[in-house]
Amino acid sequence: MSDIDKMIREFDALINYLTSDLYDPDRRELKPLTHIIETEDEVIVTVDLPCATKNDIQIKSTEDTLTIKASLNKELSLIEKFDCYNKHIKLPTRVEPKESKAYFNNGVLQVKLKKKLEGKEIRVE
Amino acid sequence: MQSDKLVINAKSKAKKPFVILGLPDVGLVGSIAVTYLIEELDMDEIGYIDSAVFHSLIIVQNGIVKKPIRIYEKDDIITIVSDVPITPLLSMDFSTVLIQWIKELDAKAVINITGINVPNRISIDKPEIFVLATDYNINNIDSKPFNNGFIMGTYASIIKECINNNIPSITLLAESYPNFPDPIASISALEKVNLITNINVSLERLDRESEMIRLKVRELMKHAESAITRSKVEPSIYG
């Protein structure tokens, strides 16, 4: 394969990286951009929520999922086709939902979820 | 000027211009900044960069078909903005051809605008700028020097080509989110562009419209994120 063929293939792959996971027009929902990292004891989920306000954000967590909903501020967004953000995230590891913390600043939400301790310590006798 | 793969078609009247690049990468800091400059300065489109690689893509703006990489000019400022990430295989050719074109302009300096990922970005209200300058005095812009770290990808190729061709370059790296569009980081970068070039562009509208801009450029961010993830090209600073 020539260099130009490789480049065309690479570019086509980029173009084909469809953005369907950014919108759900049938439900009038936007899917927010999301970034997930793991530390030793936390899963940190950061979600981009421009045109959302702190009081309109709903966060629900189970041991292995996180769901985020937020209304769009229509005065800011001017987007008539969409009403809200909605994102259901499968977490990379099990967490303790009750020990989660959320922080919102300048339209970005960060949820820190404490990892669930798996296994049981065995004492040596 | 052309190579086998990439063509620049543009005619400039500028004398010793600053050439400002905004390519889609970390936080879309450069793309947002340069697009804002083009709008705010009402710059004229003077040409484009094209490649067979872009065979399957056109950009439509207000019903007009545009090339994905476009060149604009106003007085002695030239801007280059791309609606597509420059993939690693294209980056060397892009840099070589672009810098040869810039050399013929006798440019005062090339200004690269990009982002640098900081893990605590959510707690930062005013992103800082790190500056890497080659053959250019930056004492007047009051920024932290980019002393240790690495830059990979297209901007690295451009900096190397600038050095090889004795063209001064200034790379502005704004603290930013890696995967989210970050217009506030673009504002920090443009404040430095104002100081370097004396164009004194008002940044008030960019601040006011920053949340809407973040909504509008989500798709480009996804494409850029894909390119960054695939090629691991985001800059990193040590220490």
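Just so you know, these numbers use all the heavy atoms, side chains as well, and skip hydrogens, waters and symmetry mates.
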Quiz prompt | Flag if over 12 foreign heavy atoms under 6.0 Å of NZ, A/Lys115 | solution = yes
Quiz item: In this structure, are over 12 heavy atoms from other groups packed under 6.0 Å from B/Asp142 atom CG?
Solution: no
Exercise. Check the surroundings of atom NZ in B/Lys126: do more than 12 heavy atoms from other residues, nucleotides or ligands lie under 6.0 Å from it?
Key: yes
Exercise. Measure distances from A/Ile44 to the heavy atoms of chain B and classify the residue's part below 4.5 Å as side chain, backbone, both or neither.
Key: neither
Exercise. Please report the shortest heavy-atom distance between A/Asn105 and B/Ile122, naming the atom on each side.
Key: ND2-O, 2.8 Å
Practice problem: Check whether A/Thr34 gets within reach of chain B through its side chain, its backbone, both or neither, counting any heavy atom under 4.5 Å. | Solution: backbone
Quiz item: Should we count NZ of A/Lys60 as having more than 12 external heavy atoms under 6.0 Å?
Solution: no
Quiz prompt | Which atom of B/Asn179 lies closest to which atom of A/His35, heavy atoms considered | solution = OD1-ND1, 3.1 Å
Quiz item: Step by step, would you call B/Met221 with A/Asp48 a side-chain contact (heavy atoms from CB on, under 4.5 Å)?
Solution: CA-CA 12 Å; B/Met221 186 72 254; A/Asp48 195 29; over 6 Å; no
Practice problem: Measure across A/Tyr85 and B/Leu215 and return the closest heavy-atom pair with its distance rounded to 0.1 Å. | Solution: OH-CD2, 3.2 Å
Quiz prompt | Residue pair B/Arg218 / A/Pro32: nearest heavy atoms and the distance that separates them | solution = NH1-CA, 3.6 Å
Quiz item: Quick one: does B/Glu211's side chain have a donor or acceptor within less than 3.5 Å of a partner on A/Cys51's backbone?
Solution: yes
Quiz item: Which heavy atom in A/Leu22 sits nearest to a heavy atom in B/Lys222, and how many Å separate them?
Solution: CD1-CG, 3.7 Å
Practice problem: Can you tell which part of A/Ile37 gets under 4.5 Å to a heavy atom of chain B, answering side chain, backbone, both or neither? | Solution: neither
